[in-house]
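For reference, the structure discussed in these notes is given below.
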Amino acid sequence: MRARILHLTHSRGWSGGGAQMLLLADRLRDTGHQVYLLCPEDGEIARKARQQGWRVHPFQARNDGDLLAALALVRFVRRHRIDLVHAHHARAHAVALWAKWLYPHFRLVITRRVSFPIAAHPFSRLKYAAGALDAVIAVSEAIRQELLRAGVDPEKLHVVASGVDPARFFPRSKDPALLSLWGLPAQGPWIGKVANYSVWKGQHIFLQAARLLLEKGISVHFLLVGRDTQHPELLRQVRELGLESSVHLLGFQEAVPELLSLLDISVNSAVAGEGLSGSLRESLCMEIPVIATDVGGNRELVCDRRTGRLVPPQDPQALAQAMWELLRDPEGAAAMGRAGRKLVLERYEIGKTTEQILRLYQSLWTPRKILLLQLRRIGDAVLTLPALARLQEEFPRAQVDLLLESPAATLMPPAAAGSSPRILHYRASEALRWIRRIREEKYDWVLDFLNTPRTALLSATSGARVRAGSEKNRYKFFYDRLFPRLSQPIYGAYEKLRGLEVFGIAFQPRLPALSLSPQAQAGADVFFRLHPMVARWLAFLPHSRHPSRRWPLERYAALGRRLLETSGAGTLGILILGSLGERCRSVELASAIGEGAWVAPRTPALQDLAALLARCALAVTNCNGPKHIAAGVGVPTLTLHGSSDPRAWNPPHAFPHPVLLAEGLWCLGCKKNICPYDLECMEWLSCDLVFEEATEMLNSLRRAAGALPSAQSATLD
C-alpha cells in the first residue's frame with residue numbers, strides 16, 4: 001500500500017536527528033510513498049531540505065502544550081489525508097500527541113535518540129506511555145531500556161538504529177588541500193570530535209585528554225567540529241589548558257565526510273545521554289579508528305579492541321591512554337577501522353534501517369479490520385465480491401466484513417465462527433444500534449461502495465481512521481479517501497477494484513465468483529431429481545423492480561414456446577426464477593409458455609436461488625440482480641438492456657455474456673426507472689432477435705461441451 005507519511009520536527013538547528021529525518025524521508029519517497037516535511041521555515045533543516053528538492057511546510061511549536069500548533073497540525077493531516085505522522089524531536093512529539101487526541105484518524109510514531117532517563121514529571125511520563133502513541137522507536141537498546149523503565153508498552157517499543165549512507169561515507173585518502181582550505185597545519189596526526197557543543201557531549205573531557213597526551217611529548221593536532229564549538233566557554237577552556245596551538249575549533253561545517261577523512265582517530269567523549277552516535281557510525285563507515293566512552297548506545301557500536309576502543313566516561317586519563325595506544329599501533333588501529341566498517345554495513349546501512357522502519361510503518365497502517373458497506377442491492381452485492389476477495393488477498397490476516405441488508409445478505413453462504421469474510425445483516429429499523437456496533441468493532445478501514453446518505457452516515461460515525469467513498473458522491477466530505485472518478489462507465493466489479501487503487505492495491509480484473517453452501521446445493525438436487533427427463537435447463541429471469549428494464553412478459557412467453565418447439569420434447573426445460581413478491585408474474589409466464597416451463601420452488605434465501613441457477617445452461621434475463629447471481633455461479637447470460645448502461649452492468653467480454661439492445665436509439669441507457677417514451681428500447685427487441693441469439697448461444701455451448709472431457713461436459717449439461 002502506498003501511504004501518505006508526514007515527518008515532523010520543531011527543531012531549527014542541524015543535528016543528527018534532523019539528518020536522519022531527511023535521509024529517511026528521501027529513501028521513503030524513492031519507494032513510492034507520498035512524503036511530507038513539516039519543520040520551521042527559517043531553520044537549517046528547512047534550508048537543507050529545500051536544497052534536496054523538498055517542499056517544506058511550516059511548523060512552529062513554542063512549547064509542549066502549544067494547542068494552536070496542534071490544531072494547525074490537525075488541519076494539515078486532514079487536508080492531505082495523512083496516514084502516519086512520525087515525530088523526530090521531543091516538542092514535536094508532544095504537539096503531535098495533542099493533535100492525535102483531537103483527531104485520532106492517523107498513526108503516530110515517535111523516535112527517541114538520547115539515553116537520558118525519562119523525567120519524573122507526570123507529563124513527561126505520559127508523553128511516552130500515552131495510549132495514543134502507536135509506536136516508539138528507540139535508536140539503541142540502551143534507550144529502549146530507559147523507556148521500559150518509564151512504563152512504555154513493550155509491544156509498542158521498537159529498536160531501529162539510525163542509518164549511514166555509504167555513498168557519502170566511504171574510505172578515502174587524506175586530501176592536503178582540505179587542510180589549507182580550513183587554514184589547518186599540514187602536519188598530523190589529527191584527532192577529532194564531531195558533535196554540537198553541549199556539556200553532556202563531553203568536549204571538556206576531550207580537551208583534558210588532549211592536554212595529557214601532549215604532555216607525553218607527542219605532536220598531535222585536535223579538531224572540534226559542530227554547532228557552537230566556537231562557544232566562549234570552549235575558548236576559555238582551550239586557553240586555560242594552554243592548547244591554543246594544538247586545538248582547532250571549526251564550528252558548524254557541512255562537509256562532514258571531508259572533515260572526517262582528515263582524522264587519524266575519531267573520538268566520542270560523551271559523559272551521558274548518548275543514543276547511537278552519528279559521528280561514530282560515520283567514522284566507522286569510513287574505516288577511521290574510533291574511541292568512545294562507555295555510555296548509552298556507544299557500546300553497541302564499539303566493541304573494545306575489535307571495532308575501536310571503549311573507555312570509562314569522565315576519565316580523561318583513560319581517554320588519553322587509548323589515543324596513545326592507537327597512535328603507537330597504526331596497523332592495529334587500521335584493522336579496527338576495517339572491522340568497524342563491516343559492522344556498519346551489516347547493521348546500520350541506511351537502506352537496511354529504512355526497510356526496518358518501513359516494515360514498522362506497514363504493520364501500523366495495514367488494516368486489522370475492514371468493513372465494506374453495500375446494504376441491500378443484490379447486483380451491487382455480487383459486484384462487490386471481487387473487491388472483497390482482493391482485500392482478503394492483500395491483507396490475509398485482516399478480518400473483512402461485508403454489511404448487507406436483506407435479501408442481499410442471504411446471498412452469501414454462512415461462514416464459520418471467527419472466519420473471514422463475515423456477512424453482517426443490517427436492518428434499517430436498527431440504524432442507531434448499527435452506528436453503535438460499528439464503532440464498537442473498531443474498524444481500521446470502512447469502504448462505502450453504495451454512497452447513499454445512510455452509508456455515508458455509517459462511515460462518518462464509524463471512528464475508522466480510513467473512510468473511503470466515491471468522489472462523485474455529494475457526501476464526499478464524510479470520507480478521507482475518495483475512489484477516483486472514472487472518465488467513462490466500466491463494469492461495476494471493475495469500478496470497485498479500481499477504487500482500491502486509492503490504497504495502492506494494483507488493479508487485477510476479475511469476475512464475481514459466488515460459492516454455494518452444501519445445504520443450498522442439496523435443496524437444488526431435490527428439485528432437479530423431480531424432472532429427470534429434462535436434458536438441459538434454460539433460466540428465464542424476467543423481472544426487475546424498475547419498469548424501464550422489463551422486456552414484455554408476453555415476449556418472454558413467445559420466446560419460451562419457440563425454444564421448446566425447436567429443441568424437441570423433453571430435451572429442454574425452462575426454469576422461471578424470481579422473488580416471492582414476483583411469484584404471481586412467474587406463474588403467469590409459466591402458464592403462457594405451457595408444458596416444459598416450471599416456476600422455481602419458493603427459496604428462503606438467495607443462496608438457494610443461486611444453487612438452482614447454477615444447474616442451468618443459459619440465463620435469458622433483464623438487467624437485474626439475479627442476472628449477476630447467474631454470472632457469479634458461472635452461468636452464461638443473455639441480457640436484454642434498455643435504460644441501463646451495459647458497460648456498467650455487464651462483464652466486458654461478449655461471450656459468454658452478450659447483450660442485446662436497441663442500437664442507435666437516442667435515449668438508450670437513460671438510467672430512468674420509469675420510461676416516458678413507452679419503452680421504445682424494450683419494444684425494439686423483437687422475439688425473433690432474442691430467439692436467434694439464444695439459439696446460437698445454446699448451440700455454441702453444446703459444441704463447447706462436446707469438445708470438453710466428459711466430466712466437464714456433464715457439468716455444462
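Distance check, rounded to the nearest 0.5 Å: CG of D26 to CZ of R29 gives 5.5 Å. In this structure, the separation between NZ on K156 and CG on L108 is 9.5 Å, given to the nearest 0.5 Å. Expressed to the nearest 0.5 Å, how far NE2 of H88 lies from OG1 of T111 amounts to 5.5 Å. Of the inter-residue distances, the one linking L6 atom CG with L37 atom CG reads 8.0 Å to the nearest 0.5 angstrom. Going from atom CG of D153 over to atom CG of L148 covers 9.5 Å, rounded to the nearest 0.5 Å. In this structure, CZ in R359 is found 13.0 Å from OG1 in T366, a value given to the nearest 0.5 Å.
Atom NZ of K174 is surrounded by more than 12 heavy atoms from other residues, nucleotides or ligands within 6.0 Å. Counting non-hydrogen atoms of neighbouring residues, nucleotides and ligands closer than 6.0 angstrom, the CZ atom of R47 exceeds 12 such neighbours. Counted within 6.0 Å of CD on E155, heavy atoms from surrounding residues, nucleotides or ligands total 12 or fewer; the atom is thus considered open. Heavy-atom contacts from other residues, nucleotides or ligands closer than 6.0 Å to CZ of R149 number more than 12. The local environment of CD in Q51 is crowded, with over 12 non-hydrogen atoms from other residues, nucleotides or ligands closer than 6.0 Å. Counting non-hydrogen atoms of neighbouring residues, nucleotides and ligands closer than 6.0 angstrom, the CZ atom of R50 exceeds 12 such neighbours. Taking a 6.0 Å sphere around CZ of R347, one finds it holds 12 or fewer heavy atoms contributed by other residues, nucleotides or ligands.
Using cut-offs of 30° and 60° on the angle between ring planes, the pair H86 and Y361 is perpendicular. Between H57 and Y36, the ring planes lie tilted relative to each other; the angle falls in the 30° to 60° range. Ring geometry, W101 versus W98: the interplanar angle exceeds 60°, so the pair is classed perpendicular (tilted spans 30 to 60°).
Contact annotation: the side chain of L207 approaches that of L234 to within less than 4.5 Å [non-hydrogen atoms, C-beta and beyond]. No side-chain heavy atom of V152 sits less than 4.5 Å from a side-chain heavy atom of L133. Side-chain contact between S219 and Q187 is absent, with no heavy atoms from C-beta onward closer than 4.5 Å. Residues I191 and F206 meet the side-chain proximity criterion, which asks for heavy atoms closer than 4.5 Å. With a 4.5 Å cut-off on side-chain heavy atoms, R91 and D64 count as touching. Y348 has its side chain out of reach of L284: every pair of non-hydrogen atoms, C-beta onward, lies at least 4.5 Å apart. Within the 4.5 Å cutoff, the side chain of P367 has no heavy atoms near those of the V466 side chain. Between N63 and D66, the closest side-chain pair of non-hydrogen atoms falls below 4.5 Å.
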Could you check R299 against D294 for salt bridge (Lys or Arg N to Asp or Glu O under 4.0 Å), going step by step and ending with a plain yes or no? CA-CA 6 Å; R299 66 179 66 92; D294 190 4; 2.8 Å; yes
Using the side chain to side chain contact (heavy atoms under 4.5 Å, CB included) rule, take I137 and V109 through it: C-alpha gap first, then chi angles, then the decisive distance, then the call. CA-CA 7 Å; I137 295 176; V109 177; 3.8 Å; yes
Checking E258 against R172 for the side chain to side chain contact (heavy atoms under 4.5 Å, CB included) test, could you report, in this order, the C-alpha distance in whole Å, the side-chain angles of both residues, the deciding distance, and whether it holds? CA-CA 9 Å; E258 291 77 9; R172 65 190 79 182; 4.0 Å; yes
Pair H89, T9 - check side-chain hydrogen bond (donor to acceptor under 3.5 Å, both in side chains), show working. CA-CA 6 Å; H89 291 94; T9 181; 2.6 Å; yes
With salt bridge (Lys or Arg N to Asp or Glu O under 4.0 Å) as the criterion, how do K100 and D134 come out once you've worked through the C-alpha distance, each side chain's angles and the decisive distance to 0.1 Å? CA-CA 10 Å; K100 182 77 182 281; D134 295 291; 2.8 Å; yes
Side chain to side chain contact (heavy atoms under 4.5 Å, CB included), that's the test. Do I505 and F395 meet it? Break it down for me. CA-CA 10 Å; I505 299 175; F395 309 111; 3.9 Å; yes
Any chance you could lay out the side chain to side chain contact (heavy atoms under 4.5 Å, CB included) test for L179 and W190, step after step, and finish with the verdict? CA-CA 11 Å; L179 293 169; W190 288 90; 3.9 Å; yes
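Using a distance-only test at 3.5 Å, with no hydrogens or angles considered, no donor-acceptor pair links the side chain of R113 to the main chain of G16. Under a 3.5 Å cut-off, the side chain of E300 and the backbone N or O of E141 do form a donor-acceptor pair. A donor-acceptor distance shorter than 3.5 angstrom exists from the side chain of R281 to the backbone of L276, with no hydrogens or angles considered. Listed for the S246 side chain is no donor-acceptor partner under 3.5 Å among the backbone atoms of L243. At least one donor-acceptor pair closer than 3.5 Å links the side chain of H10 to the backbone N or O of A92. When atom types are taken as modelled, the side chain of E349 and the backbone of G351 share a donor-acceptor pair closer than 3.5 angstrom. Judged by distance alone, the side chain of S283 and the main-chain N or O of L260 form no donor-acceptor pair under 3.5 Å. Formation of a donor-acceptor pair under 3.5 Å by the T354 side chain with backbone atoms of L24 is not found in this model.
Looking at every heavy atom in both residues, V295 comes nearest to A270 through CG2-O, 3.6 Å. What you find for L482 and V502 is that their closest heavy atoms are O-CG2, 3.6 Å. A pairwise comparison of heavy atoms in I350 and P166 identifies CG2-CD, 4.4 Å as the closest pair. Considering every non-hydrogen atom in both L249 and V247, the closest pair reads CD2-CG1, 3.8 Å. For the pair D480 and R465, the tightest heavy-atom approach, listed with the atom from each and the gap, is OD2-O, 2.8 Å. When all heavy atoms of G163 and T353 are compared, the closest pair comes out as CA-OG1, 3.6 Å.
Test T293, N268, N298 against E274 for side chain to side chain donor-acceptor pair (under 3.5 Å) and you get one pass: N268.
Using a cutoff of 4.0 Å between basic side-chain nitrogens and carboxylate oxygens, R236 and E233 are scored as salt-bridged. A salt bridge between K48 and E44 is absent, with no side-chain N of the basic residue lying under 4.0 Å from a carboxylate O of the acidic one.
Pairs engaging residues 123-150 under the ring pair (Phe, Tyr, Trp, His ring centres under 6.0 Å) rule: H93-Y128 [sequence neighbours left out].
A cation-pi arrangement is not found for R481 relative to W445, the charged atom failing to lie both closer than 6.0 Å to the ring centre and inside a 45° cone about the ring normal.
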Give every donor-acceptor pair under 3.5 Å between a side-chain atom in residues 320-328 and any protein atom, sequence neighbours left out.
unit_1, atom_1, unit_2, atom_2, d
Q321, NE2, E325, OE2, 3.3
E325, OE1, R309, NH1, 2.3

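No hydrogens or angles considered: nothing links the side chains of N196 and W14 as a donor-acceptor pair under 3.5 Å.
Residues meeting the salt bridge (Lys or Arg N to Asp or Glu O under 4.0 Å) test with R4, sequence neighbours left out: none.
The aromatic ring centres of W365 and H33 sit less than 6.0 Å apart.
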